[in-house]
*Asks:* 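Have a look at the structure that comes next, please.
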Amino acid sequence: MTNHLREHIIASTADFPEGTHRVVELNGRKIGVFNIQGNFYALPSLCPHQLGPLCSGKVSGTLISNQETDWQLRWDHEGEIVTCPWHGLEFHILTGQCLAFSEIRLRSYKVWVEDGLIKIRF
Amino acid sequence: MSTQQVDSQERRRERLEDILVVDVDVHLHESAAEMAEYCDMPWRKSLEVIATLPERYLDTPGFSPGVDGIWAPFPGGHDATRVVHTPQQMVEELEEIEVDIGILFPDHLLKMAALPQVDYAVALMKAYNAWMIDRWCSREKTLKGCLVAAHQDPLAAAREIERYAKEPGIVGLYLPTAAVMPLWGNRIYDPIYQAAQDADLPVLLHSVAMIHPNFPHNTHHFETEMGQHTIGHGFSIMANLVSMVTTGVPVRFPDLRIAFTEAGVAWVPYIMHRLDKEYIERRREVPYLDHRPSHYVKKFFFATQPVEEPENPQDLVTLIQLYGGEETTMFASDWPHHDFDHPRKVYQLPFSQEARRKIMGENALRFFKIDSKGSRINI
């Protein structure tokens with residue numbers, strides 16, 4: 001399987017500041033790439049709900065509430081949540097985990113920086 | 001003839017009178033005069049005044065208030081004002097319709113949430129509970145009571161639950177639902193839910209047809225009683241169910257058993273799917289939910305009356321199965337009210353024998369934590 005994986009260059013780090021994200025198309029596949037505090041992450045830009053353009057949505061934090069917060073709302077995961085622009089389904093960018101449905105987790109692609117270039121393999 | 005065929009023939013012979021029937025919604029009739037005896041001053045004086053008024057069916061100022069008496073009457077029709085005055089009368093009448101254990105709800109106090117005076121509502125709650133235990137539940141073992149909770153003062157209601165937590169005749173808590181404001185999901189009611197969970201007593205929401213500014217939907221728009229009655233109970237219950245799920249009551253009180261009465265059951269799949277649909281878009285409004293809303297709806301219990309009567313009874317079986325209802329649906333007659341259901345209407349539904357026994361009685365035993373003789377197993 002490994003033989004079929006190919007490396008692709010996404011951009012130079014100088015052109016991809018912290019706290020931004022973009023959707024790139026590689027081999028006909030739309031992929032969301034995120035720079036979160038200098039670390040790069042990539043997810044398929046395809047929402048499993050109704051196949052919406054997930055990674056063109058806003059990146060922000062989200063609200064949590066549980067016994068630990070005494071059932072009060074707390075803002076959390078700042079900059080780590082992408083929300084599908086179609087219906088608002090939220091995903092944790094670092095893990096691909098869907099917040100609403102624990103059984104849904106997106107695949108994540110390997111992304112790294114080499115010689116000032118952001119590279120992805122899939 | 002195969003063993004299987006013999007079995008199925010033998011099983012078919014089981015009849016309604018052979019199985020345990022628990023009726024999770026029957027109504028006693030509380031008169032203002034009787035309440036007065038058990039009521040603290042100064043509100044006893046009010047009830048003494050109310051007792052002198054000509055009684056109108058669930059339409060008495062200061063006792064069962066609302067915008068009522070708006071329909072032009074005609075002679076004839078069926079008996080819409082049946083009441084049960086004594087526990088002996090109730091036991092006899094329930095025996096006639098093959099009911100073994102009945103869970104008591106009030107008549108007038110169905111409209112209790114419409115009473116604006118907090119201290120009066122509390123006094124009435126205490127009077128009703130004391131009277132019901134003294135005159136009904138402690139006299140007939142097969143009649144079990146639900147304490148009424150005055151939403152007007154949640155802390156007083158919680159104290160009432162603590163007071164009667166171990167009372168053998170009390171098996172649950174009745175939450176008046178018509179005209180309640182705010183809806184039962186509001187966190188001001190948490191002390192009630194905490195006390196109920198601590199006492200291991202379930203809560204049952206019960207509405208009533210009425211017109212009231214607080215009622216969650218526009219029942220004053222209808223030109224017929226049929227229109228009003230078609231959606232009154234159902235919309236009220238749906239509004240409160242949605243309120244409770246979206247504020248996380250079943251998450252904050254995971255051991256609290258919650259039931260919805262007198263709204264039928266066919267709408268449950270609808271509201272479950274509506275909630276799940278909204279959840280996709282609005283999860284962060286309800287981040288305390290660890291699962292999709294239908295997960296919690298499937299843990300609620302539902303009373304059958306007024307049971308839907310589709311041309312094809314299998315349709316109703318399917319609707320009940322859609323919410324896992326073979327485990328959580330409980331027969332209710334609403335005796336002696338005008339729209340009561342005879343147990344045979346539910347008994348005849350084409351369920352498996354096992355599911356039928358559950359719905360007719362066993363689910364209620366589990367919900368109320370009572371045995372088949374009506375004794376509490378949690379005290």
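Order of the sequence lines fixes the chain letters, A, B, ..., with proteins taken first and strands second; residue numbering starts at 1 for each chain. Model, not experiment: these values are computed from the prediction.
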*Asks:* Evaluate whether atom NZ of A:Lys119 has more than 12 neighbouring non-hydrogen atoms of other residues, nucleotides or ligands under 6.0 angstrom away.
*Replies:* yes
*Asks:* Does a side-chain heavy-atom distance below 4.5 Å link A:Thr62 with B:Pro287?
*Replies:* no
*Asks:* Chain B heavy atoms under 4.5 Å from A:Gln67: which part of the residue, side chain, backbone, both or neither?
*Replies:* neither
*Asks:* At their closest point, which heavy atom of B:Ile280 faces which heavy atom of A:Leu89, and how far apart are they?
*Replies:* O-CD1, 3.5 Å
*Asks:* Sequence neighbours left out, what passes ring pair (Phe, Tyr, Trp, His ring centres under 6.0 Å) with A:Phe101? Give chain and number order.
*Replies:* B:Tyr279
*Asks:* By a 4.5 Å heavy-atom criterion (distance strictly below it), what part of A:Leu73 contacts chain B: side chain, backbone, both, or neither?
*Replies:* side chain
*Asks:* Count the heavy atoms of every other residue, nucleotide or ligand shown that sit under 6.0 Å from CD of A:Glu25, and state whether that count exceeds 12.
*Replies:* yes
*Asks:* What part of B:Val251 gets closer than 4.5 Å to chain A, counting heavy atoms only: side chain, backbone, both or neither?
*Replies:* both
*Asks:* Inspect the surroundings of NZ in B:Lys358 and state if more than 12 heavy atoms from other residues, nucleotides or ligands are less than 6.0 Å away.
*Replies:* yes
*Asks:* Does A:Glu90 pair with B:Arg282 as a salt bridge, N-O distance under 4.0 Å?
*Replies:* no
*Asks:* So which of B:His291, B:Arg292, B:Glu285 has the largest heavy-atom pair count under 4.5 angstrom toward chain A?
*Replies:* B:Arg292
*Asks:* I would like to know whether B:Arg284 and A:Trp75 meet side-chain contact (heavy atoms from CB on, under 4.5 Å); could you show each step before the answer?
*Replies:* CA-CA 10 Å; B:Arg284 65 189 203 163; A:Trp75 186 253; 3.8 Å; yes
*Asks:* Counting only heavy atoms closer than 4.5 Å, note whether A:Gln50 contacts chain B via side chain, backbone, both or neither.
*Replies:* side chain
*Asks:* Can you tell me if CD on A:Glu114 sees more than 12 non-hydrogen neighbours from other groups inside 6.0 Å?
*Replies:* yes
